[in-house]
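Quick notes on the structure that follows.
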Protein chains: 2
Amino acid sequence: MRAEIAARSLRRHAPIFAALGDATRLGLLTKLSAGSELSIAQLTAGTPLTRQAITKHLRVLQSAGLVRNVRHGRENCFELEPRRLDEARRALDSISRQWDEALDRLKAFVEK
Amino acid sequence: MRAEIAARSLRRHAPIFAALGDATRLGLLTKLSAGSELSIAQLTAGTPLTRQAITKHLRVLQSAGLVRNVRHGRENCFELEPRRLDEARRALDSISRQWDEALDRLKAFVEK
DNA sequence: CTAACATGCAACCCGGAGGTTGCATAATGA
DNA sequence: TCATTATGCAACCTCCGGGTTGCATGTTAG
């Protein structure tokens with residue numbers, strides 16, 4: 001059944017959404033969306049949190065594939081990985097598209 | 001600063017993403033995306049979980065605005081609320097758009 | 001009217017997420 | 001070389017999320 005396949009491929013994206021489901025992490029992503037790579041210290045500056053907390057959040061984002069790290073000497077810099085964002089967007093698209101099609105079928109049925 | 005405003009409006013969507021960040025809840029949404037409202041019992045059928053667990057998940061989805069409930073006699077039925085899905089999609093758009101613009105600026109700077 | 005069905009509520013359990021502190025270690029700049 | 005800077009690692013704490021069980025209540029079909 002096609003719906004089963006869709007459900008599986010959708011469930012696969014749960015970790016991405018979970019990674020996005022935290023205000024601190026969304027803040028980090030917006031900082032990174034400015035374009036330049038930022039070190040952990042730079043990403044920590046301005047937040048009320050500890051560097052360790054930020055580090056943990058970055059690990060979550062990284063293992064969700066939303067972010068990539070590049071070492072420069074003693075500093076560990078992070079930059080956005082926009083492919084995964086597109087994946088997540090597409091997943092949401094798939095739900096709402098399915099929904100729209102269902103409404104169309106319903107409408108067609110009623111008007112028949 | 002424009003970036004600050006963007007960051008705030010993005011952080012506001014954290015609860016939506018958090019609600020989406022669970023495989024069980026994504027499964028419920030796909031079931032509901034078929035179009036017809038479904039009772040709690042119907043949504044529970046086929047899952048290895050208890051009715052109570054499903055009920056809790058539905059509450060999470062509801063308080064995130066992703067789902068709406070309609071009572072029919074003794075049964076409590078749920079249906080999709082697609083507006084919030086669009087909101088979430090738009091939020092992801094805003095990040096990747098900002099990212100793309102940053103890359104464009106960088107490219108223009110290099111080629112100058 | 002009454003048995004069966006669909007839920008709601010509350011208490012309880014457990015593991016992991018989010019945070020902190022303290023200490024060890026690699027790189028750097030003067 | 002040496003103090004400083006930027007991190008990594010590990011232990012620990014607290015609280016909430018995901019689940020279950022047991023019992024009470026509202027609905028419905030016969």
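Keep in mind that the numbers below use all heavy atoms, side chains included, and drop hydrogens, waters and symmetry copies.
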Exercise. Does B:Asp100 pair with B:Arg97 as a salt bridge, N-O distance under 4.0 Å?
Worked result: no

For this session: Describe, as an angle rounded to 10 degrees, how the axis at the first end of the helix from C:dC1-D:dG30 to C:dA30-D:dT1 is tilted relative to the axis at the last end, five pairs per end.
Result: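 Here the helix ends are tilted 30° relative to one another.
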
Please list, for nucleotides 27-30 of chain D, all pairs of protein and nucleotide N/O atoms separated by less than 3.5 Å.
| from | atom 1 | to | atom 2 | distance (Å) |
| --- | --- | --- | --- | --- |
| D:dT27 | O3' | B:Arg74 | N | 3.3 |
| D:dT27 | O2 | B:Arg74 | NH1 | 3.2 |
| D:dT28 | O4' | B:Arg74 | NH1 | 3.3 |

Would you mind reading off the distance between [X] atom [atom1] and [N] atom [atom2], rounded to a whole angstrom?
X	N	atom1	atom2	answer
B:Leu49	D:dG17	CG	P	17 Å
A:Leu58	C:dG18	CG	C1'	14 Å
A:Ile54	D:dA6	CD1	P	16 Å
B:Gln42	C:dC5	CD	P	15 Å
A:Asp22	C:dG16	CG	P	18 Å

With 3.5 Å as the limit, what N/O pairs link the protein to nucleotides 8-12 of chain D?
| from | atom 1 | to | atom 2 | distance (Å) |
| --- | --- | --- | --- | --- |
| D:dG8 | OP1 | A:Asn76 | ND2 | 2.7 |
| D:dG8 | N7 | A:Arg51 | NH1 | 3.2 |
| D:dG8 | O6 | A:Arg51 | NH2 | 3.2 |
| D:dC9 | OP2 | A:Arg59 | NH2 | 3.4 |
| D:dC9 | N4 | A:Gln52 | OE1 | 3.0 |
| D:dC9 | N4 | A:Gln52 | NE2 | 2.6 |

Exercise. Do any side-chain nitrogens or oxygens of B:Thr50 fall under 4.0 Å of OP1 or OP2 in D:dT20?
Worked result: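 Result: yes.
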
For this session: Check whether any side-chain nitrogen or oxygen of B:Ser39 sits under 4.0 Å from OP1 or OP2 of C:dT7, and answer yes or no.
Result: yes

Whether [X] side chain and [Y] backbone form a donor-acceptor pair below 3.5 Å:
X	Y	answer
B:Ser94	B:Arg90	no
A:Arg84	A:Ala64	yes
A:Thr50	A:Ala53	no

Exercise. Is A:Val67 close to A:Leu28 at the side-chain level, that is, under 4.5 Å between some pair of heavy atoms?
Worked result: no

Problem set entry | Side-chain touch B:Gln42/B:Glu75, heavy atoms, less than 4.5 angstrom |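 B:Gln42 does not reach B:Glu75 side chain to side chain.
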
For this session: Name the nucleic acid region contacted by B:Ala41, choosing base, sugar-phosphate or nothing; use a 4.0 angstrom heavy-atom cut-off, strictly under.
Result: sugar-phosphate

For this session: Taking all heavy atoms of B:Leu43 and all of B:Lys31, pick out the closest pair and write down the distance.
Result: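 Between these two residues, the closest heavy atoms are O-NZ, 3.3 Å.
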
To the nearest 0.5 Å, what is the distance between [atom1] on [X] and [atom2] on [Y]?
X	Y	atom1	atom2	result
B:Leu29	B:Leu85	CG	CG	6.5 Å
A:Leu92	B:Phe17	CG	CZ	7.0 Å
B:Leu20	B:Leu26	CG	CG	6.0 Å

For this session: List for me each residue that meets side-chain hydrogen bond (donor to acceptor under 3.5 Å, both in side chains) alongside A:Arg83, sequence neighbours excluded, and say none if there are none.
Result: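 Testing A:Arg83 for side-chain hydrogen bond (donor to acceptor under 3.5 Å, both in side chains), a comparison that skips the adjacent residues, returns A:Glu81.
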
For this session: With sequence neighbours excluded, tell me which residues meet side-chain hydrogen bond (donor to acceptor under 3.5 Å, both in side chains) with A:Asn69.
Result: A:Gln62, A:Asn76

Problem set entry | Co-membership, hydrophobic cluster, residues B:Ile40 and B:Val60, 4.5 Å side-chain |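 B:Ile40 does not cluster with B:Val60.
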
For this session: Taking only heavy atoms on the protein side, list every residue of residues 31-38 of chain A lying under 4.0 Å from any atom of DNA chain C, sorted numerically.
Result: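 Of all residues in residues 31-38 of chain A, none places a heavy atom under 4.0 Å from DNA chain C.
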
